[in-house]
Enquirer: 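Please read through the structure below; I'll follow up with questions.
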Amino acid sequence: MIYDNFLKLCNSVGKTPSAAAIDMGLSKTTVNRWKNGGGLTDATALKVANYFGITVDELKTGIKKEPSIPKDEELDKNDAISNLRDNVLYHFPDATPQDVSALMNAIEGTDLTVQELIRIAEMFKRMSPADRKFVTGIFEAYTEAK
């Protein structure tokens with residue numbers, strides 16, 4: 001299977017398997033091992049995939065993955081999250097990227113690490129009552145939208 005996929009890839013770029021192997025710094029013996037049903041290491045698979053500009057999965061399966069086109073709902077969700085991030089950055093200009101990331105993860109309902117929980121707690125300590133109300137409102141609005 002690996003050799004068949006490798007052979008197709010070589011043909012697609014006009015190279016013999018031996019020439020492609022040499023270009024990648026692999027031995028002809030390695031290619032012969034694939035021809036006889038042998039496998040390849042993760043490092044070699046990555047080297048071959050990079051050479052042909054494909055993923056390791058595509059090399060192993062021979063199936064070219066087409067990029068997925070997001071649905072309108074996914075685009076709307078991404079826009080909403082982007083707008084929310086912009087709003088958080090506007091209200092908290094002194095927040096570090098890690099602070100914003102932790103807060104966004106909390107808003108989106110992502111499992112938080114201990115460090116993120118600590119960051120959020122520290123942010124809440126520094127917030128004015130109006131800012132706390134703003135963040136609470138975001139949590140509530142996002143929860144209702146789900």
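All residue numbers refer to positions in the sequence shown, counting from 1. All values below come from the heavy atoms of this structure, side chains included, with hydrogens, waters and symmetry mates left out.
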Enquirer: Do Val100 and Phe92 come close enough that some side-chain heavy atom pair is under 4.5 Å?
Expert: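 Val100 does not reach Phe92 side chain to side chain.
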
Enquirer: To the nearest 0.5 angstrom, please state how far the OG atom of Ser101 sits from the CD atom of Glu116.
Expert: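 CD of Glu116 is found 6.0 Å from OG of Ser101.
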
Enquirer: Do you know the tightest heavy-atom contact between Ser27 and Ala21?
Expert: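 Heavy-atom minimum between the residues: O-CB, 4.2 Å.
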
Enquirer: Looking at every heavy atom in both Val31 and Pro17, which two are closest together, and how far apart are they?
Expert: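 For Val31 and Pro17, the tightest heavy-atom pair comes out as CG1-CB, 4.0 Å.
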
Enquirer: Take Asp94 and Arg126 through the side chain to side chain contact (heavy atoms under 4.5 Å, CB included) test and state the conclusion after the steps.
Expert: CA-CA 11 Å; Asp94 296 334; Arg126 295 189 311 262; over 6 Å; no

Enquirer: Linking Ile, Leu, Val, Met, Phe, Trp and Tyr by side-chain heavy atoms under 4.5 Å, what else ends up with Leu46?
Expert: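 So far as hydrophobic clustering goes, Leu46 is joined with Val56.
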
Enquirer: Thinking salt bridges, do Glu122 and Lys125 make one under a 4.0 Å N-O criterion?
Expert: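 Salt bridge present between Glu122 and Lys125.
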
Enquirer: Please report the shortest heavy-atom distance between Asn5 and Lys60, naming the atom on each side.
Expert: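 Here Asn5 and Lys60 meet closest at ND2-O, 3.2 Å.
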
Enquirer: Are any side-chain N or O atoms of Thr30 and backbone N or O atoms of Leu26, one a donor and one an acceptor, separated by less than 3.5 Å?
Expert: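 Looks like no, no N/O pair under 3.5 Å.
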
Enquirer: Hey, could you give me the CE/OG1 distance between Met127 and Thr136, rounded to the nearest 0.5 Å?
Expert: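 Atom-to-atom, Met127:CE and Thr136:OG1 are 8.5 Å apart.
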
Enquirer: Quick check for you: to the nearest 0.5 Å, what is the distance between Lys15 atom NZ and Met24 atom CE?
Expert: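 CE of Met24 is found 9.0 Å from NZ of Lys15.
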
Enquirer: For Leu112, is there any backbone N or O sitting under 3.5 Å from a side-chain donor or acceptor partner on Asn105?
Expert: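 No: the side chain of Asn105 does not pair with the backbone of Leu112.
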
Enquirer: Does the side chain of Phe134 come within less than 4.5 Å of Asn87's, by heavy atoms?
Expert: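 Sidechains of Phe134 and Asn87: in contact.
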
Enquirer: Crowded around Asp86 CG? As in, over 12 foreign heavy atoms under 6.0 Å?
Expert: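 Atom CG in Asp86 is crowded, with more than 12 foreign heavy atoms closer than 6.0 Å.
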
Enquirer: Can you check whether Leu9's main-chain N or O pairs, donor with acceptor, with Ser12's side chain at less than 3.5 Å?
Expert: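 Yes, Ser12 side chain to Leu9 backbone: donor-acceptor pair under 3.5 Å.
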
Enquirer: What side chain to side chain donor-acceptor pair (under 3.5 Å) pairs are there with at least one residue in residues 32-43, not counting sequence neighbours?
Expert: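 Sorted pair list: Thr41-Thr44.
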
Enquirer: With Lys8, which residues qualify under side chain to side chain donor-acceptor pair (under 3.5 Å), at least two apart?
Expert: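 Partners of Lys8 under the side chain to side chain donor-acceptor pair (under 3.5 Å) test: none.
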
Enquirer: Could you check if a side-chain atom of Asp131 sits within less than 4.5 angstrom of a side-chain atom of Phe124, using non-hydrogen atoms only?
Expert: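 A side-chain contact is absent here, since even the closest heavy-atom pair is not under 4.5 Å.
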
Enquirer: If we only count heavy atoms from C-beta on, is the Val114 to Ile118 side-chain gap below 4.5 Å?
Expert: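 SC-SC contact between Val114 and Ile118 confirmed.
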
Enquirer: Can you tell me how far OG1 of Thr16 sits from CD1 of Ile22, rounded to the nearest 0.5 angstrom?
Expert: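 So the CD1 of Ile22 and the OG1 of Thr16 are separated by 7.5 Å.
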
